[in-house]
K.L.:
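The structure is given below, and queries will be raised subsequently.
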Amino acid sequence: MAAVRLGDGAYSFGVHEDWAKIPDEIVLGDCAAVGVDSRDNVYAFNRGDHPVAVFDSDGNLLRTWGEGLFPRPHGVHVAPDDTIWLTDDADHTVRHCTLDGKVRLTLGVPGQPSPYMSGEPFHRCTHTCLSPQGDFLYISDGYGNARIHKYTPGGKRLASWGEPGTDPGQFNIPHNICCDPDGWIYVADRENHRVQIFDGDGKWETQWNYLHRPNGMCLGHGPHPLCYIGEGGPAGEINREWPNIGPRVSIHTTKSHEVMARLGKTPGGMFAGGFTSPHGIAVDSTGSIYVGELSGRSWSRFATGDAPKKRRVIHKLVKVAAA
C-alpha cells in the first residue's frame, strides 16, 4: 500500500514512487511523455539511452526500443489501433510506429526545421492526437512555431491555424494537444497559462484559465472523459517557493469545465507526493495516473544545494476506492 496519498473522495490516489523497476544496466533519462496501450502497458518516452521504455502495469520493464533514432523525445499518442505517434522536438519530426518500434511513417524532415515562426511545419513540434474516428491527425508545433496543423493519418496536410500572441486562437508555446470523443481539440497553451478549446476545423470555442504552465495533458476513458493536466509550476527565481501554483496534476471535466482535483504537495520536489515537472501524463483503464517527470537538476529552484541526486523517470498514482 502506498504510504502517501493525494486528493480526497472520488479523486484520492496513492503515490507509488518506485513503481518502475528499472535494471541497473538500463539508463533512462527524463521522461518527456507517457502513453498507455489497450493492455495497460505503459510507454515512457524518455531522454536517455533507451528512448522508448515499455512497462507492464506492475512496473516490470518489458522492452526498450528507439535507440539512436530520437535526439530529444517530447510527445506520445497511443492510437486506438495500438500504434504509437512519437514527436521529437529537436528532430522536428513526428513518427508513426508499431508498438515494437517499426517506423510506419515520418512527418517532417529529420533535423531540418522550417523557418522560425513561419507557420510552416515543423519547427520544434511538441505533440499529436487523432480525431475520434481516426480520420484526422492534429499536431502542435510548438517551440519554434505557434501553430496547430491538421493532417490525414497518411501524411497530407489539410489546414493550419494559430499565430504568436495572447488573444483567443493565438499561442505562446502550444505544448500538448488532445481530442475528445466529440471532436473538440484541447491545446495546452503553456506560457499563456491556459488550455484553449477548438472545433475540429480550428474554430475557437472557449478556454480554461487558472492553470500554471500546463505541460502534460491527456484525456481519460469513456464518452465524457476527464482531462488530466500536468502543471509545470514556477520556472524562474521570483516565485519558486510559492505554494498552490504547482508543480501539480489537476483533473478537469470536459463537459462542465470544472476543476475536480489538484494533486501534489507544493512547492514541489523529489519526495513522495511532490513533483518537479509533470511533463508527461497518461491514464490507464483502471483510472491510475502515470506521471513522467523532468528532474529539473539544473533549474533555479534547486540552486540552494538541494538538487535531486537522480532523475525521476516515471511514477504511478493509483486510484483509491471511495469509502
K.L.:
Just how far is it from atom NZ of Lys316 to atom CG of Asp58, taken to the nearest 0.5 Å?
P.N.:
6.5 Å

K.L.:
Given Ile251 and Phe13, is the side chain to side chain contact (heavy atoms under 4.5 Å, CB included) satisfied, shown in steps?
P.N.:
CA-CA 12 Å; Ile251 304 175; Phe13 294 84; 4.0 Å; yes

K.L.:
Given Trp85, which partner from the list Thr128, Ile139, Val78 fulfils the side-chain contact (heavy atoms from CB on, under 4.5 Å) test?
P.N.:
Thr128

K.L.:
Inspect the contact between Lys255 and Asp180 and indicate whether a charged nitrogen and a carboxylate oxygen are less than 4.0 angstrom apart.
P.N.:
no

K.L.:
Check the side chains of Thr93 and Arg95 for a donor-acceptor pair under 3.5 angstrom, ignoring hydrogens and angles.
P.N.:
yes

K.L.:
Carefully, step by step, assess Leu28 and His50 under the rule side chain to side chain contact (heavy atoms under 4.5 Å, CB included).
P.N.:
CA-CA 6 Å; Leu28 302 183; His50 307 278; 4.0 Å; yes

K.L.:
Are Val15 and Phe271 joined in one hydrophobic group, where the rule is that I, L, V, M, F, W and Y side chains link up if heavy atoms are under 4.5 Å apart?
P.N.:
no

K.L.:
Can you check whether Ser38's main-chain N or O pairs, donor with acceptor, with Asp82's side chain at less than 3.5 Å?
P.N.:
yes

K.L.:
What I'd like to find out is whether the side chain of Thr266 reaches to under 4.5 Å of the side chain of Ile245, using heavy atoms alone.
P.N.:
no

K.L.:
Decide side-chain hydrogen bond (donor to acceptor under 3.5 Å, both in side chains) for Ser285 and His221; before the verdict, give the C-alpha distance in whole Å, the side-chain angles of both, and the deciding distance to 0.1 Å.
P.N.:
CA-CA 7 Å; Ser285 64; His221 302 274; over 6 Å; no

K.L.:
Test side chain to side chain contact (heavy atoms under 4.5 Å, CB included) on Tyr290 and His16; report intermediate values, then the result.
P.N.:
CA-CA 10 Å; Tyr290 298 89; His16 289 237; over 6 Å; no

K.L.:
Is Phe122 reachable from Ile173 through a run of hydrophobic residues whose side-chain heavy atoms are each under 4.5 Å from the next?
P.N.:
no

K.L.:
I'd like to check Thr87 versus Phe45 (side-chain heavy atoms, cut-off strictly below 4.5 Å). Are they in contact?
P.N.:
no

K.L.:
Can you tell me which residue pairs pass the side chain to side chain donor-acceptor pair (under 3.5 Å) test with a partner in residues 110-119, sequence neighbours excluded?
P.N.:
none

K.L.:
Are any non-hydrogen side-chain atoms of Val259 and Trp208 less than 4.5 angstrom apart?
P.N.:
no

K.L.:
Checking Asn145 against Arg124: is there a side-chain donor and acceptor pair closer than 3.5 Å?
P.N.:
no

K.L.:
Hey, does Trp19 have a side-chain heavy atom less than 4.5 Å from the side chain of Val42?
P.N.:
yes

K.L.:
Are Leu99 and Ile314 linked, directly or through other ILVMFWY residues, by side chains that come within less than 4.5 angstrom of each other?
P.N.:
no

K.L.:
With a 4.0 Å cut-off on N to O distance, would you call Asp201 and Lys150 a salt bridge?
P.N.:
yes

K.L.:
Could you check whether Arg262 makes a cation-pi contact with Tyr210, meaning its NZ or CZ is under 6.0 Å from the centre of the six-membered ring and within 45° of the ring axis?
P.N.:
no

K.L.:
Salt bridge or not for Arg147 and Asp141, using N-O below 4.0 Å?
P.N.:
no

K.L.:
Hey, what do you get for CD1 (Ile281) to SG (Cys31), rounding to the nearest 0.5 Å?
P.N.:
11.5 Å

K.L.:
Is it the case that His175 and Tyr143 place a side-chain donor and acceptor less than 3.5 Å from each other?
P.N.:
yes

K.L.:
Is there a chain of hydrophobic side chains (I, L, V, M, F, W, Y, each step under 4.5 Å between heavy atoms) that links Tyr228 to Tyr11?
P.N.:
yes

K.L.:
Do Met217 and Ile197 belong to the same hydrophobic cluster, where Ile, Leu, Val, Met, Phe, Trp and Tyr are linked whenever their side-chain heavy atoms lie under 4.5 Å apart, directly or via other members?
P.N.:
yes

K.L.:
Is the closest side-chain heavy-atom distance between Pro214 and Asn176 below 4.5 Å?
P.N.:
no

K.L.:
Heavy atoms, side chains only, cut-off 4.5 Å: are Leu6 and Lys265 in contact?
P.N.:
yes

K.L.:
Check this for me, if you would: do Asp30 and Arg47 make a salt bridge, where the nitrogen-to-carboxylate-oxygen distance has to be below 4.0 angstrom?
P.N.:
no

K.L.:
Are His92 and His123, when compared by the centres of their aromatic rings, separated by less than 6.0 Å?
P.N.:
yes

K.L.:
Decide whether Glu231 and His212 meet the rule of one side-chain donor and one side-chain acceptor closer than 3.5 Å.
P.N.:
no

K.L.:
Given Val291 and Val34, is the side chain to side chain contact (heavy atoms under 4.5 Å, CB included) satisfied, shown in steps?
P.N.:
CA-CA 7 Å; Val291 181; Val34 187; over 6 Å; no

K.L.:
If we check ring-ring contact (aromatic ring centres under 6.0 Å, His included) with Phe198, which of these qualifies: Trp184, Trp161, Tyr138?
P.N.:
Trp161

K.L.:
Would you mind reporting whether Leu86 and Val76 have side-chain heavy atoms less than 4.5 Å apart?
P.N.:
yes

K.L.:
Would you call Arg213 and Glu191 a side-chain contact if the rule is heavy atoms closer than 4.5 Å?
P.N.:
yes

